[in-house]
Amino acid sequence: MPLRRSKSLPVATETVPVASNGNQTRNKPVKRNSLSRIERCDSVAESSAQGLEWECEEGFSEDTLEGESDTESQCSSVETPFSRDLQRKMADLPTRSVSRPSSAYKVSSQSQPALFKSLFPKHPPTIYFYVEGEKVEQLPWDIRKLLRWRLTTITPHVVRDAFYRVGFRLAKRSSDWIGCWGKHMTSEAFRNIKPYQKVNHFPGTFQIGRKDRLYRNLSKLQAQYGAKHFSFIPVSFILPADWRQLKAAWDETPQRRQKWIVKPPASARGIGIRVIHKWAQIPKKRAVIVQRYIARPFLINGSKFDLRIYVFITNYDPLRVYIFPDGLARFATTKYSNSMKSLSNRFIHLTNYSVNKKNSDYLQNTDENACAGHKWSLKALWEYYTKLGIDTSKLWSEIRDIVLKTIVASEPYVNSLVKSNVKCHRSCVELFGFDIMLDENLKPWIIEVNISPSLHSTARIDQVIKGQMIKDVMNLAGFHVPFPDEINEGGPKSSNLVPHME
């Protein structure tokens with residue numbers, strides 16, 4: 001689905017193909033600007049036992065498929081007798097089509113093939129990842145013995161379960177793995193990735209993962225295209241550079257409306273965040289970002305909440321953006337108060353799970369379909385809103401617009417680093433956690449972007465939502481079985497990558 005842009009945005013004369021969508025014609029030329037560089041790939045509303053039915057997988061134009069095939073061939077290894085032998089064995093195995101029916105988390109009772117057939121000729125099939133309870137044929141030992149995963153100290157259990165389930169084993173050497181889920185890496189580590197390996201980060205995504213860079217990059221686009229199109233981030237000041245501007249804004253604000261939130265630029269889980277109303281409360285000796293506080297959020301049962309939206313990118317050139325249709329609504333555990341005296345209470349003003357789980361009043365939600373406890377599924381929230389007469393389709397469209405524009409803000413930086421540091425474009429994918437808050441008028445605001453979103457799944461609601469989401473992430477990433485000669489030609493068993501991923 002192509003990204004819709006406003007007619008008021010300036011455009012160049014270059015044309016690009018866009019994916020088909022309903023009544024749109026394939027290969028339709030469109031004018032191009034920095035906001036139309038996405039070939040938009042939003043997910044449909046329902047998932048399936050075989051994975052999400054992503055609109056873009058059936059919406060590629062023929063030109064795009066041909067170009068993708070040419071690009072893919074640049075990452076392929078030279079065929080050898082080892083390759084041909086394994087290709088023959090895989091050709092004898094049943095494969096499934098890339099197009100999957102949707103059935104909302106239902107598990108098939110029939111045994112399913114373990115491989116996806118490639119869309120491109122002369123390309124190997126990819127491994128099918130599945131959730132617990134699905135019946136999937138086991139791969140032969142000749143193939144399973146090549147499936148190695150590089151384990152790090154932060155690999156989530158939901159990811160471990162996914163790769164163990166399909167037959168991966170832990171890598172014993174530093175270069176014989178094909179998948180790794182770890183922390184962000186250095187440029188040198190990215191350069192050392194082999195063409196058959198895949199990691200869960202792109203270089204340079206801190207351009208939206210850091211709160212200060214996020215605001216700076218969105219501000220540039222706001223200045224270029226106008227506040228009308230980029231008014232979804234609260235007014236922010238990055239200290240110490242913006243002291244003078246902050247003081248001017250502070251002096252212009254009436255004392256009764258003097259509510260600001262102070263955040264470290266590169267922290268997570270609510271660490272170091274405070275809501276303030278006095279000038280003396282602003283740190284003077286360390287870098288922080290000071291944002292105008294959203295003092296009138298939309299409340300449910302008197303409590304403040306935010307939305308965790310999961311976004312997955314498989315490529316930056318061309319840009320491929322996928323948005324998971326489900327997510328989480330995370331509630332503060334104490335009823336909201338706008339009083340100045342309440343600003344120091346983190347259980348009122350912060351919605352982070354890592355903060356609120358420490359409150360004795362925190363309630364688990366044992367049913368992902370229920371509007372109960374302090375964590376709801378996004379689908380349950382939409383049902384709740386529908387009963388209130390709220391147009392959830394319009395709200396979801398606005399949230400997707402925020403996500404896509406935010407990704408575009410970082411795209412030039414990431415693209416440059418990928419081209420200079422990554423040998424094969426298939427080697428990188430990334431999952432983002434977008435935190436969105438709704439004000440009393442249901443306007444969505446971006447709070448932050450997490451480049452390593454928490455995937456802890458201790459509660460059932462987390463297990464269901466994150467388990468299905470990771471299954472689809474793995475399948476969209478496209479792990480193919482490496483040929484033995486690919487691994488053997490990797491050169492000396494260097495461990496340069498290892499220290500940067502622990």
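Numbers here are sequence positions counted from 1.
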N217 versus Y413, side-chain donor and acceptor atoms under 3.5 Å
yes
Ring-face cation contact, F232 with K405, 6.0 Å cut, 45° max
no
Check whether more than 12 heavy atoms from other residues, nucleotides or ligands sit under 6.0 Å from atom NZ of K443, and answer yes or no.
yes
Is it the case that over 12 heavy atoms from other parts of the model lie below 6.0 angstrom from the NZ atom of K358?
no
Under the criterion side-chain hydrogen bond (donor to acceptor under 3.5 Å, both in side chains), which of T351, D306, N356 is the partner of R330?
D306
Ring pair (Phe, Tyr, Trp, His ring centres under 6.0 Å) filter on W243, not counting sequence neighbours, yields W279
Suppose we screen for ring pair (Phe, Tyr, Trp, His ring centres under 6.0 Å). Which residues come up paired with H349, at least two apart in sequence or across chains?
Y293, Y336
For the side chain of [X] and the backbone of [Y], is there at least one donor-acceptor N/O pair under 3.5 Å apart?
| X | Y | result |
| --- | --- | --- |
| S410 | T205 | no |
| T152 | W181 | yes |
| K304 | I348 | no |
| S416 | P412 | no |
| R274 | Q281 | yes |

Under the salt bridge (charged side-chain N to carboxylate O under 4.0 Å, His left out) test, residues paired with E398 that sit two or more places apart
K394
Please name all residues satisfying salt bridge (charged side-chain N to carboxylate O under 4.0 Å, His left out) with K211, sequence neighbours left out, ordered by chain then number.
E448
Of the non-hydrogen atoms in [X] and [Y], which two are nearest, and what is the gap between them?
| X | Y | value |
| --- | --- | --- |
| Q258 | W250 | NE2-O, 3.1 Å |
| I446 | P234 | O-CD, 3.6 Å |
| V422 | C424 | CG1-O, 3.1 Å |

In terms of side-chain geometry, is the basic nitrogen of R296 or D439 positioned less than 4.0 Å from the acidic oxygen of its partner?
no
Whether D462 and K466 form a salt bridge (side-chain N of Lys/Arg under 4.0 Å from carboxylate O of Asp/Glu) is what I want to check.
yes
Under the side chain to side chain contact (heavy atoms under 4.5 Å, CB included) test against K259, which residue among N338, I294, I276 passes?
N338
Identify the residue among I313, L455, V311 that makes a side chain to side chain contact (heavy atoms under 4.5 Å, CB included) with L431.
L455
State which residues pass side chain to side chain contact (heavy atoms under 4.5 Å, CB included) with F298; sequence neighbours excluded, sorted by chain then number.
I300, F305, Y385, I390, L438, L442
Got a sec, which residues hit side chain to side chain contact (heavy atoms under 4.5 Å, CB included) with R346, two or more places apart in sequence or on another chain?
L350, V355
